[in-house]
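Down below is the structure, laid out as structure tokens.
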2 protein chains.
Amino acid sequence: MARNIRTREGGRREEIATAAARLFREKGFSGTGMRDLAGSVGIEAASLYNHIDSKAGLLREICFRIADDCSTHLRDLEATPGLDSLRRLESITRFHVRMWIERLDEVLVATNEFRSLEEPWLEKFLHERRIYMRQVEGIISQGIREGLVRPLEPYVVVLTIMSAVRGIEFWHRSRKNVSAASLEESMVDLIVNGIRNDTDGTSDTHGPALP
Amino acid sequence: MARNIRTREGGRREEIATAAARLFREKGFSGTGMRDLAGSVGIEAASLYNHIDSKAGLLREICFRIADDCSTHLRDLEATPGLDSLRRLESITRFHVRMWIERLDEVLVATNEFRSLEEPWLEKFLHERRIYMRQVEGIISQGIREGLVRPLEPYVVVLTIMSAVRGIEFWHRSRKNVSAASLEESMVDLIVNGIRNDTDGTSDTHGPALP
DNA sequence: CAATCCCGCTAACAGTCGTTAGTGCGGATA
DNA sequence: TATCCGCACTAACGACTGTTAGCGGGATTG
């Protein structure tokens with residue numbers, strides 16, 4: 001058990017958690033050693049245990065912080081009146097884009113490394129994610145019924161929205177000339193409106209099937 | 001060095017490579033032990049080395065097979081005459097969708113675990129990926145110039161297309177009631193046309209910014 | 001000033017890692 | 001029949017894994 005539970009300011013602990021998120025992202029959970037983590041905050045491996053309980057606990061913290069933030073946003077959004085389902089979808093998309101822009105390390109760990117969670121946490125995490133996706137799927141179905149959203153397979157739409165934002169990982173590496181604000185707008189716009197230019201009103205999706 | 005280089009049929013070797021792809025996907029490269037891999041093909045860990053060179057070699061094989069298949073498809077596509085840039089983009093999207101549907105293990109390893117490649121392979125892999133994305137970006141830019149593609153940030157469009165298909169990973173777990181064919185059509189349609197229903201011709205993207 | 005406690009350290013643990021060496025069985029080859 | 005070779009085995013290697021025990025210095029508290 002970590003000894004400094006009652007520490008007045010957990011500055012060191014937060015520093016460790018931040019470094020863990022970065023390392024878990026870069027090298028994976030099982031690819032990251034406690035000696036790596038310790039070195040990245042300038043202490044010895046054993047000293048980490050003055051601040052944390054275990055390596056698994058660090059992963060758990062990161063994963064569930066992200067999961068909680070997602071479900072909190074969704075709950076707030078559903079409590080907001082006066083929004084049609086398309087606007088709700090846009091808000092959800094925008095929320096995910098911002099998470100990926102502002103908290104890449106944590107989000108990537110929660111997305112890629114959650115599988116290293118131990119039971120019963122793994123099951124709990126998967127359960128919460130399933131609930132979340134099901135709720136978003138409900139909003140999409142509603143949008144389709146209302147005629148605001150194109151009549152696509154709702155399940156596929158959830159998958160696509162929640163995956164499309166993962167492209168931001170690349171952006172983070174090679175910033176190019178695209179600002180965060182421009183990235184956000186382009187990506188939300190792209191998901192909502194697609195890539196095809198429809199100014200001429202043509203509704204034909206595409207020609208014959210391609211290889 | 002593996003002893004069976006001159007084996008007439010490398011059935012066992014292929015079996016190992018397939019099992020490796022599945023394990024690397026499920027548990028990550030560094031989370032997978034040679035004893036896990038050996039057990040999954042029914043032999044002892046040391047016996048693996050009658051067929052393969054090293055664990056790192058297995059990863060290298062998987063990653064570069066996928067990379068090669070991608071660049072081959074792109075080369076073939078560019079050699080195909082009579083396709084406008086929107087159709088080319090659709091073909092690229094469809095190709096990625098199919099790869100994710102039919103070869104999930106390998107594709108996921110190449111996408112998530114490539115970071116465990118050793119130099120100089122890691123750099124080579126990243127280089128090839130950069131080249132590939134730049135070529136696709138070129139097609140998008142051309143589509144925008146021709147008025148076939150909406151005037152979005154081309155870089156963001158590449159990122160989004162190549163990431164959106166990752167949603168197929170979820171689909172693989174919980175098949176739900178969506179067939180592979182329906183998934184492919186929905187996803188290509190979604191990326192090309194977006195989620196918004198534009199039958200009324202309204203071109204206003206969205207209202208005021210949302211939280 | 002004395003007592004407490006945070007927090008770094010070294011040493012060590014039991015276990016696992018990828019990999020090599022060497023052995024022997026069984027079928028194909030000469 | 002004698003020889004070879006593919007392929008599985010056991011045993012073992014040095015390095016590395018997450019974690020615990022215990023020590024001591026320095027700041028904080030009574």
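Please read all numbers here as calculations on a predicted model, not as lab measurements. Chain identifiers are assigned alphabetically (A, B, ...) following the order of the sequence lines, protein sequences preceding nucleic acid strands; residue numbering begins at 1 within each chain.
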Specify the separation, in whole Å, of atom CD1 of A:Ile43 and atom P of D:dT19.
14 Å
Between A:Arg25 and A:Asp105, is there a salt bridge with N-O shorter than 4.0 Å?
yes
To the nearest Å, how far apart are A:Ile52 CD1 and C:dG8 C1'?
15 Å
Between D:dA8 and B:Arg12, is there an OP1 or OP2 to side-chain N/O distance shorter than 4.0 Å?
yes
Think B:His51 has a side-chain N or O under 4.0 angstrom from the OP1 or OP2 of D:dA8?
yes
Write down the distance between OH (A:Tyr49) and P (D:dT20), rounded to a whole number of angstrom.
7 Å
Flag side-chain contact, heavy atom, 4.5 Å: A:Asn112 against A:Arg166:
yes
Interatomic distance where CZ belongs to A:Arg35 and P belongs to C:dT16 [whole Å]:
16 Å
Whole-Å distance separating the CG atom of B:Leu59 from the P atom of C:dC17
17 Å
Judged by nearest nucleotide, the residue sitting upstream toward the 5' end of DNA chain D, B:Ala45 or A:Asp36, is B:Ala45
Check every strand shown and say whether A:Ala46 touches a base, only sugar-phosphate, or nothing at a heavy-atom separation below 4.0 Å.
base
Do the ring planes of B:Trp121 and B:Phe64 sit parallel (below 30°), tilted (30 to 60°) or perpendicular (above 60°)?
perpendicular
Counting only distance, no hydrogens or angles, is the base of D:dG6 paired donor-acceptor with the side chain of B:Asn50 under 3.5 Å?
no
Please tell me if A:Ser47 has a side-chain N or O lying less than 4.0 Å from either OP1 or OP2 of C:dC9.
yes
Under 4.0 Å between any heavy atoms, over every strand shown, what does A:Thr32 touch: base, sugar-phosphate, or nothing? Just pick one.
sugar-phosphate
Geometric cation-pi criterion B:Arg129 and B:Phe114, 6.0 Å radius, 45° cone
yes
Figure out the CG/C1' separation between B:Leu37 and C:dT16, and round it to whole Å.
16 Å
d(CG, A:Leu48; C1', D:dT17) in whole Å:
14 Å
Side-chain donor/acceptor pairs under 3.5 Å, residues 54-62 of chain B, sequence neighbours excluded:
residue : atom : partner : partner atom : Å
B:Ser54 : OG   : B:Gly57 : N            : 3.0
B:Lys55 : NZ   : B:Phe29 : O            : 2.9
B:Lys55 : NZ   : B:Thr32 : O            : 2.9
B:Glu61 : OE2  : B:Arg13 : NH2          : 2.5

From CG of A:Leu58 over to C1' of D:dT19, roughly how many Å is that when rounded to an integer?
13 Å
